[in-house]
Amino acid sequence: MSTVSDVSTLARNAVHVLPEGGLVQKLKLGRPLRVKLGIDVTSPDIHIGRAIPLQRMRAFQDAGHVGVLIIGDYTTRIGDPSGRSSERPILDPAEIDRNARTYLDQALIIVDPDRTEVRYNGEWLAGLDFADVLRLTRTTTVSQILERDDFEKRIAAGEPISVSELLYPLMQAYDSVAVEADVELGGTDQLYNLLAGRTVMEAYGLEPQVVLTTPLLLSWDRAKMSSSVGNNIPLTGPAEEQFGRTMRIPDEMLEQWWALVAERPVPRGEPMEAKLELARFIVRRSHGDESARAAEAHFTRVVREGGAPEDVAEHRLPDGDPVHLPAVLAGAFGLSTSEARRLIAQGGVKLDGATVTELDASREGLAGRLLQAGKRRFVRLVASS
RNA sequence: GCAGGGAUUCCCGAGUGGCCAAAGGGGGCGGGCUGUAAACCCGCUGGCUCAGCCUUCGGAGGUUCGAAUCCUCCUCCCUGCACCA
């Protein structure tokens with residue numbers, strides 16, 4: 001089962017495959033390889049960028065190998081002791097479990113459930129005593145750990161780094177020991193951690209894993225796609241939103257997105273059509289054909305033609321007459337009334353397509369009408385009966 | 001331990017007694033334009049019963065007619081020095 005074409009499929013889009021020739025060696029073992037991917041459960045949603053390593057896992061699975069998803073429950077539970085790091089908030093066990101489950105539901109869109117093993121790292125990390133931890137820490141040196149780009153930058157920026165944070169790469173590396181990983185996947189930002197896994201495995205007398213990294217998907221703002229920044233396309237988000245967000249990417253990014261997300265070359269022809277096709281692909285993968293068609297219809301109707309969507313939620317008018325529109329907008333769209341007032345002042349609010357200029361309107365004049373805030377938010381007003 | 005520097009609105013960052021709901025940038029939102037939710041241009045961006053009022057500048061007190069700005073204590077962060085069996 002190890003041929004050159006296998007390797008090129010398995011390592012498609014890969015930035016690093018280390019060591020040189022290591023993957024071929026592993027394939028020659030002639031048994032299903034254990035392909036590890038660590039999961040950060042601090043934020044449960046997977047976006048299409050985080051799905052890229054999962055796509056590699058799927059490729060390995062399709063070739064007969066086993067995917068091992070590691071849920072970093074223990075790592076997360078310990079958190080950052082100062083409790084202040086926004087990157088590593090301490091979560092309670094219930095939330096970790098919930099996040100892990102949410103994560104897995106989404107991951108199954110990409111990976112093969114029959115060939116996936118899910119492990120919680122608390123399983124082995126919780127059992128280590130202090131001597132075990134010291135043994136682990138002896139496998140590396142402070143300067144090696146501080147070499148990591150992330151740490152270097154934070155030191156340069158005068159930001160705090162707690163000692164426990166230095167141990168994260170080691171904990172992650174120990175996961176590889178525990179599951180006897182043959183291959184570990186990750187984004188290029190994980191290169192250091194993945195290589196640390198090799199060092200530690202060797203120190204524990206295991207054959208070190210092969211490291212395979214994939215590029216980080218840049219979003220429409222040319223920054224790394226990230227849920228906390230909000231420039232992400234969630235793997236299970238609403239179809240219409242997935243479609244619209246995909247349409248936001250600049251034309252120059254089409255090539256990278258097609259290669260990484262769809263794993264195909266950009267279709268020839270108009271960039272607009274290539275972008276639409278990419279949006280269809282993304283929605284179809286998550287929600288199926290039907291949803292992809294509906295999402296496109298919605299996009300055409302609302303964004304390209306500036307019309308109202310097909311289905312508009314109803315919103316009950318508050319009591320009283322006349323009705324205070326900022327209050328209605330606040331209730332319908334989750335704005336503050338101050339925001340709503342500004343929106344009206346800027347001509348961003350429409351009733352049945354006509355720009356609203358007054359703050360109050362009669363009950364009768366509002367019932368049954370279509371209220372629009374900006375270009376994409378709509379609500380059908382109904383009188384409470 | 002000693003000495004210095006710092007904590008400002010969603011983020012970064014100016015502001016050192018009244019002209020401060022607080023410069024500037026980012027982000028977000030709205031409008032215009034457009035093949036696109038891109039790019040570009042313009043505007044807005046604490047809350048409210050909105051020509052007025054209320055709350056905000058790490059926390060708690062205090063000085064003052066008046067405090068983001070001054071004082072005291074506290075919490076946290078950074079840097080240097082000292083310490084380092």
Side-chain angles (χ1 to χ4, degrees), chain A residues 48 80-87 142 151 153-163 165 218-234 237-257 266-267 269-280 282-283 295-307 309 318-350 353-360 371-378:
Chain A
I48 61 169
D80 172 43
S82 65
R84 233 172 294 97
S85 167
S86 51
E87 316 231 330
V142 172
F151 288 138
K153 281 184 187 146
R154 284 169 65 187
I155 290 171
E159 284 166 17
I161 298 173
S162 74
V163 173
E165 283 182 86
L218 297 184
S219 192
W220 53 78
D221 53 0
R222 290 160 217 280
K224 188 178 101 175
M225 185 173 284
S226 140
S227 321
S228 52
V229 174
N231 61 0
N232 58 324
I233 300 179
E240 291 161 6
E241 197 179 308
Q242 289 185 322
F243 200 97
R245 284 177 174 233
T246 305
M247 295 307 290
R248 279 186 81 162
I249 67 170
D251 291 353
E252 312 88 77
M253 287 188 160
L254 277 170
E255 198 178 322
Q256 193 200 20
W257 277 55
V266 197
E270 288 296 305
M272 183 65 183
E273 185 47 43
K275 207 179 292 181
L276 286 166
E277 184 55 32
L278 180 65
R280 288 179 203 122
I282 288 169
V283 178
E296 180 165 10
H298 178 270
F299 183 81
T300 305
R301 192 175 164 130
V302 178
V303 179
R304 302 183 76 177
E305 293 168 359
D319 294 333
D321 195 6
V323 176
H324 193 54
L325 281 172
V328 176
L329 289 160
F333 304 116
L335 308 170
S336 67
T337 59
S338 298
E339 284 175 309
R341 279 167 177 271
R342 277 179 233 129
L343 207 56
I344 292 172
Q346 294 185 121
V349 176
K350 291 177 181 166
T355 304
V356 170
T357 52
E358 300 298 318
L359 294 180
D360 296 285
L371 178 69
Q372 178 179 0
K375 290 191 172 79
R376 317 205 297 274
R377 288 172 290 184
F378 296 84

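A salt bridge links A/Arg280 with A/Glu273; the closest basic N to acidic carboxylate O contact falls under 4.0 Å.
A side-chain donor-acceptor contact under 3.5 Å links A/Arg245 to the backbone of A/Asn232. Under the 3.5 Å distance criterion, the side-chain polar atoms of A/Gln242 are matched with a main-chain donor or acceptor of A/Pro234. Proximity of a side-chain donor or acceptor of A/Gln372 to a complementary backbone N or O of A/Gly374 within less than 3.5 Å is detected. Remark: the backbone N or O of A/Leu218 is paired with a side-chain donor or acceptor of A/Trp257 at under 3.5 angstrom.
The separation of B/rU55 from B/rA21, taken at their C1' atoms, amounts to 10 Å, rounded to a whole angstrom. Here the separation of B/rU16 from B/rG66, taken at their C1' atoms, is 16 Å to the nearest Å. A distance of about 41 Å separates the P atoms of B/rG27 and B/rU72, rounded to the whole Å. Spacing between B/rC71 and B/rU63 at atom P, rounded to whole Å, works out to 15 Å. Rounded to whole Å, the C1' atom of B/rA22 lies 10 Å from the corresponding atom of B/rU56. Between the P atoms of B/rU8 and B/rA23, the separation comes to 16 Å (whole Å). Rounded to the nearest Å, the gap between the P atom of B/rG25 and that of B/rC44 is 12 Å. The gap from the C1' atom of B/rG46 to that of B/rC10 amounts to 11 Å, rounded to the nearest Å.
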Mark up nucleotides 30-35 of chain B, 5' to 3', with B wherever a protein heavy atom is under 4.0 angstrom from a base atom, S wherever such an atom reaches only the sugar-phosphate, and - elsewhere. SS---B

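Between A/Thr337 and B/rC50, a side-chain N or O to OP1/OP2 separation shorter than 4.0 Å is absent. For A/Arg341, a side-chain nitrogen or oxygen approaches OP1 or OP2 of B/rC50 to under 4.0 Å.
In this structure, the CG atom of A/Leu278 is 16 Å from the P atom of B/rA38, given to the nearest Å. Remark: C1' of B/rU36 and CD of A/Gln242 are 17 Å apart, rounded to the nearest angstrom. The distance between atom CD1 of A/Ile344 and atom P of B/rU45, rounded to the nearest whole Å, is 15 Å. Between A/Arg280 atom CZ and B/rU36 atom P the separation is 15 Å, expressed in whole Å. For the pair A/Glu277 CD and B/rU36 P, the computed distance is 19 Å after rounding to whole Å. Rounded to an integer number of Å, the gap from CG of A/Asn231 to C1' of B/rG26 is 14 Å. Distance CG (A/Asp221) to P (B/rG27): 8 Å, rounded to an integer number of Å. Atom-to-atom, CG of A/Leu325 to C1' of B/rC50 comes out at 15 Å; the value is rounded to the nearest Å.
Between A/Ala330 and A/Gly244, the residue whose closest nucleotide on RNA chain B is further toward the 5' end is A/Gly244. Comparing A/Ser338 and A/Trp220 against RNA chain B, the residue whose closest nucleotide sits nearer the 5' end is A/Trp220.
Shown here, B/rC76 forms a base pair with B/rG6; the pair counts as Watson-Crick or G-U wobble because both key distances fall under 3.5 Å. Pairing for B/rU69 is absent, judged as Watson-Crick or G-U wobble with the two contacts each under 3.5 Å. If you check B/rG43 for Watson-Crick or wobble pairing at under 3.5 angstrom, you find it paired to B/rC29. When both pairing distances are held under 3.5 Å, B/rG17 makes no Watson-Crick or G-U pair with any nucleotide shown. Base pairing of B/rU55 is not made with any nucleotide, judged by Watson-Crick or G-U wobble geometry with both donor-acceptor distances under 3.5 Å. The partner of B/rU34 cannot be assigned: no Watson-Crick or G-U wobble pair with both contacts below 3.5 Å exists in any strand.
Among the protein residues, A/Gln372 comes within range of no part of the nucleic acid, since none of its heavy atoms lies under 4.0 Å from any strand. At the heavy-atom level, A/Ser336 lies under 4.0 Å from the strands shown only through sugar-phosphate atoms. Looking at heavy-atom distances under 4.0 Å, A/Glu339 makes contact with sugar-phosphate atoms alone, never a base.
Scanning all heavy atoms of the two residues, the minimum distance from A/Arg222 to A/Pro250 falls at NH2-CG, 3.6 Å.
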Exercise answer: donor-acceptor pairs, residues 321-338 of chain A side-chain atoms, under 3.5 Å, sequence neighbours excluded:
{"residue": "A/Asp321", "atom": "OD1", "partner": "A/Arg363", "partner atom": "N", "Å": "2.9"}
{"residue": "A/His324", "atom": "ND1", "partner": "A/Asp360", "partner atom": "OD1", "Å": "3.0"}
{"residue": "A/Ser336", "atom": "OG", "partner": "A/Glu339", "partner atom": "N", "Å": "3.1"}
{"residue": "A/Ser336", "atom": "OG", "partner": "A/Glu339", "partner atom": "OE1", "Å": "3.4"}

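Between A/Met247 and A/Phe299, some side-chain heavy-atom pair lies under the 4.5 Å cut-off.
Atom CD of A/Glu358 sits in a sparse spot, with 12 or fewer heavy atoms from other residues, nucleotides or ligands closer than 6.0 Å.
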